[in-house]
Trainee: 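The structure is given below, and queries will be raised subsequently.
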Amino acid sequence: MVVLAKPPALEQISLLRSPEPGDYFAGIPAVDLAAPGAARAVVQACERFGFFKVVNHGVAAGVVDRLEAEAVRFFASPQAEKDAYGTASPFGYGNKRIGRNGDMGWLEYLLLAIDHASISKASPAPSSSLRDAANDYVGAMRRIARTVLEMVAEGLGVSPRGTLADMVVGEASDQLLRLNHYPPCPLLQSLMPNCSPTGFGEHTDPQLVSILRSNSTAGLQVALHNGGHWVSVPPDPSAFFVIVGDSLQVLTNGRLRSVRHRVVVANRLKSRLSMVYFGGPPAAQRIAPLRQLLGRDRDGEQSMYEEFTWGEYKKAAYRSRLGDNRLAPFHRQLPPAASP
Ligand SMILES: C=C1C[C@]23C[C@@]1(O)CC[C@H]2[C@@]12CC[C@H](O)[C@@](C)(C(=O)O1)[C@H]2[C@@H]3C(=O)O
Ligand SMILES: O=C(O)CCC(=O)C(=O)O
Ligand SMILES: [Fe+2]
């Protein structure tokens, strides 16, 4: 038997089975935010998958292209220059190390904090041109996040419509922008053609929503709510993907569930570049099911979660490993339903 050793650069990175080329899941819903009935479509997509793509979003291609070009330029710059913006703790440049608890992936990234509507002055943006491009991009992502969350509220019958959206776009909200670059890994792929490095290990996002845009290189996979089977998401650089996060799961008492997702680096030639906006609430925001979702009309439904603030959740999240179920410690033991 021949035992193949992993190249040293990959020693701490787990391998995944390479997806078959072009083997994409065709069922990801596409929601036209401008179409009649969009609110219902958003809620349905969130309930079924915790994930969908937004089309007809009105974001000018120039806004996306400019940030992508800045990101490509930054990631192509000499390693020593990039390291000057590291080591992502928590913000700045990071290489292979994700978070502080030993998670590793085949990627490099830039993680930037957002202060209300623009990149925080405290975040080390590599250039003023990247900062300007990121600010325009963040403006566009905040508009999508607001619309999506207003539609979630409307579709679930929660009023006012801004109940969820205000948590994310209001003053003191906790938003992030992450630029991820996944270079190809031809060495491994020629040694072990059926294996690919993990780019970003499986996880759920802790915030309310994340809005993800990538170039045309595939790699994102999501776990289906129905059975947990991993499926490959067809890339669509003209669209934005919405990811339901843990906080939205709790706020809706589990009606919407956060989606596990990961990135597999299977393309032998082309880099994947993703730009992800994370919409989180202010630190003091209480994260508990919205009262209207527990009201009398909902048959005395009880909260499935212990109460916490976003600040408390975030602190716990940042002590956890990427793949942990971060909501598990907050699940309530409910008394068995009374028999009729
Ligand atoms: C391993 C980790 C990285 C992460 C913080 C954590 O301890 C657990 C959650 C991770 C995550 C996933 C979604 C986002 O990419 C992120 C920025 C976030 O808010 O939570 C990352 C964190 C990170 O990379 O610092
Ligand atoms: O790069 C991607 O497509 C996914 C990245 C991701 O899940 C994250 O940054 O949290
Ligand atoms: Fe994520």
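Positions are given from 1, in the same order as the sequence printed here. Ligands are counted one by one from 1 in listed order, and the atoms in each one are counted from 1 as well.
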Trainee: Could you go through the salt bridge (Lys or Arg N to Asp or Glu O under 4.0 Å) check for Glu47 and Arg255 one step at a time?
Mentor: CA-CA 6 Å; Glu47 285 177 337; Arg255 267 201 57 190; 3.2 Å; yes
Trainee: Please confirm whether Gln207 comes under 4.0 Å of ligand 1, counting heavy atoms of the residue only.
Mentor: yes
Trainee: Closer than 4.0 Å to some heavy atom of Phe200 - which atoms of ligand 2 meet that?
Mentor: 8 (C), 9 (O), 10 (O)
Trainee: What protein heavy atom lies closest to atom 10 (O) of ligand 2? Include the residue and the distance to one decimal.
Mentor: His203 NE2, 3.2 Å
Trainee: Heavy-atom count check: over 12 atoms from other residues, nucleotides or ligands less than 6.0 Å from Arg146 CZ?
Mentor: no
Trainee: What about Tyr109 and His181, are their ring centers closer than 6.0 Å?
Mentor: no
Trainee: Has Pro90 got any heavy atom lying under 4.0 angstrom from an atom of ligand 1?
Mentor: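 Judged by the 4.0 Å heavy-atom criterion, Pro90 does not count as contacting ligand 1.
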Trainee: So that I can tick it off, tell me whether Arg97 and Asp103 are bridged by a salt bridge, with the cut-off set at under 4.0 angstrom between side-chain N and carboxylate O.
Mentor: no
Trainee: Would Glu307 and Arg286 pass as an ion pair if we require N to O under 4.0 Å?
Mentor: yes
Trainee: For atom 1 (C) of ligand 1, state which one of Asp246, Asn101, Asp103 supplies the nearest heavy atom.
Mentor: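 Considering heavy atoms of Asp246, Asn101, Asp103, the nearest to atom 1 (C) of ligand 1 sits in Asp103.
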Trainee: Just which atoms of ligand 2 are under 4.0 Å from any heavy atom in His261?
Mentor: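 Numbered from 1, ligand 2 contributes 7 (O).
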Trainee: Any idea which atoms of ligand 2 are less than 4.0 Å away from a heavy-atom of Tyr182?
Mentor: 1 (O), 2 (C), 4 (C), 5 (C)
Trainee: For the pair Glu68 and Arg213, find out whether any cationic side-chain nitrogen is under 4.0 Å from an anionic carboxylate oxygen.
Mentor: yes
Trainee: I need the atoms of ligand 1 closer than 4.0 Å to a non-hydrogen atom of Ile98, numbered in the order shown.
Mentor: 1 (C), 3 (C), 24 (O)
Trainee: When you compare ligand 1 with Asp205, is there at least one nitrogen or oxygen pair between them that comes in under 3.5 angstrom?
Mentor: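 For ligand 1, there is no N or O atom that lies under 3.5 Å from one belonging to Asp205.
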Trainee: Return yes or no for this condition: an N or O of Tyr318 is under 3.5 Å from an N or O of ligand 1.
Mentor: yes
Trainee: Looking only at heavy atoms of Arg100, does any of them come nearer than 4.0 Å to an atom of ligand 1?
Mentor: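 No, that is not the case, since the closest heavy atom of the residue is not under 4.0 Å from the ligand.
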Trainee: Taking the basic N atoms (NZ, or NE/NH1/NH2) and the acidic carboxylate oxygens, is any pair closer than 4.0 Å for Lys121 and Asp115?
Mentor: no
Trainee: Kindly state whether the ring of Phe241 and the ring of Phe51 have centres lying under 6.0 angstrom apart.
Mentor: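 Yes, close enough.
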Trainee: Surrounding CZ of Arg332 (heavy atoms of other residues, nucleotides or ligands, distance under 6.0 Å), is the total greater than 12?
Mentor: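 It does: Arg332 CZ has more than 12 such atoms within range.
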Trainee: Kindly confirm or rule out an N or O of Thr204 lying under 3.5 angstrom from an N or O of ligand 1.
Mentor: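 Checking ligand 1 against Thr204, no N or O pair falls under 3.5 Å apart.
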Trainee: Would you say the side chain of Val264 lies within less than 4.5 Å of the side chain of Pro19, judging by non-hydrogen atoms?
Mentor: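 In contact.
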Trainee: Does the N or O separation between Ala317 and ligand 1 drop below 3.5 Å for any pair?
Mentor: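 N/O-N/O distance under 3.5 Å: yes.
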Trainee: Of the listed options (Ile243, Val263, Leu273), which comes nearest to atom 2 (C) of ligand 2 when hydrogens are ignored and any heavy atom counts?
Mentor: Val263
Trainee: Once the angle between the rings of Tyr313 and Phe308 is folded into 0 to 90°, is it parallel (under 30°), tilted (30 to 60°) or perpendicular (over 60°)?
Mentor: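 Tyr313 and Phe308: parallel rings.
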Trainee: Can you give me the closest heavy-atom contact between Leu208 and Leu149, atom names plus distance?
Mentor: CD2-CD1, 4.3 Å
Trainee: If you define the side chain from C-beta out and look only at heavy atoms, does anything of Val59 sit under 4.5 Å from Arg143?
Mentor: no
Trainee: Does Arg321 offer a backbone N or O that forms a donor-acceptor pair with the side chain of Arg326 under 3.5 Å?
Mentor: yes
Trainee: Heavy-atom contacts under 4.0 Å between Leu176 and ligand 1: side chain, backbone, both, or neither?
Mentor: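 Leu176 to ligand 1: side-chain contact only, backbone stays beyond 4.0 Å.
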Trainee: Leu322 heavy atoms, cut-off 4.0 Å: which ligand 1 atoms fall inside?
Mentor: 1 (C), 10 (C)
Trainee: When you measure from atom 5 (C) of ligand 2 to every protein heavy atom, which one gives the shortest distance, and what is it?
Mentor: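 Answer for atom 5 (C) of ligand 2: Asn180 ND2, 3.4 Å.
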Trainee: Looking at ligand 2, would Arg262 count as a contact under a 4.0 Å heavy-atom criterion?
Mentor: no
Trainee: For ligand 1, does Asp324 get within less than 4.0 Å through its side chain, its backbone, both, or neither, judged by non-hydrogen atoms?
Mentor: neither
Trainee: How about Tyr93 and Phe74: are their ring centroids closer than 6.0 Å?
Mentor: yes
Trainee: Under 4.0 Å from ligand 2, counting heavy atoms only, is it the side chain of Leu212, its backbone, both or neither?
Mentor: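 Side chain only.
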Trainee: Could you tell me whether Lys315 and Glu312 make a salt bridge, using a distance below 4.0 angstrom between a side-chain N and a carboxylate O?
Mentor: no
Trainee: Enumerate the atoms of ligand 2 whose separation from the nearest heavy atom of Ser274 is less than 4.0 angstrom.
Mentor: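 Reading through ligand 2 atom by atom, the close ones are 1 (O), 2 (C), 3 (O).
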Trainee: State the atom name: nearest N, O or S atom of Asp205 to the Fe ion (ligand 3).
Mentor: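 When I compare the N, O and S atoms of Asp205, OD1 is nearest to the Fe ion (ligand 3).
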Trainee: Have a look at His203 and say which of its N, O or S atoms is nearest the Fe ion (ligand 3).
Mentor: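 Among the N, O or S atoms of His203, the one closest to the Fe ion (ligand 3) is NE2.
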Trainee: Using non-hydrogen atoms of the residue, decide whether Phe278 is closer than 4.0 angstrom to ligand 2.
Mentor: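 Checking ligand 2 against Phe278, which is what was asked, there is a heavy-atom contact under 4.0 Å.
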Trainee: Would you say Arg48 has more than 12 foreign heavy atoms packed within less than 6.0 Å of its CZ?
Mentor: no
Trainee: Checking a contact table here: which protein heavy atom is nearest atom 3 (O) of ligand 2, and how many Å away?
Mentor: Arg272 NH2, 2.6 Å
Trainee: Which of the numbered atoms in ligand 1 are below 4.0 angstrom from a heavy atom of His203?
Mentor: 12 (C)
Trainee: Under 4.0 Å, heavy-atom basis, I'd like to know which part of Tyr109 is in contact with ligand 2: side chain, backbone, both or neither.
Mentor: neither
Trainee: Applying ring-ring contact (aromatic ring centres under 6.0 Å, His included) to Phe49 and His225, what does each step give before you reach the verdict?
Mentor: CA-CA 6 Å; Phe49 297 102; His225 279 347; 7.7 Å; no
Trainee: Looking at ligand 1, would Phe200 count as a contact under a 4.0 Å heavy-atom criterion?
Mentor: yes
Trainee: Would you mind listing which atoms of ligand 2 come within a distance below 4.0 Å of any non-hydrogen atom of Asp205?
Mentor: 10 (O)
Trainee: Under 4.0 Å from a heavy atom of Arg178: give me the atoms of ligand 2 that qualify, with their elements.
Mentor: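 Close to Arg178: 9 (O).
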Trainee: At less than 4.0 angstrom from any non-hydrogen atom of Arg326, what atoms of ligand 1 do you find?
Mentor: 8 (C), 9 (C)
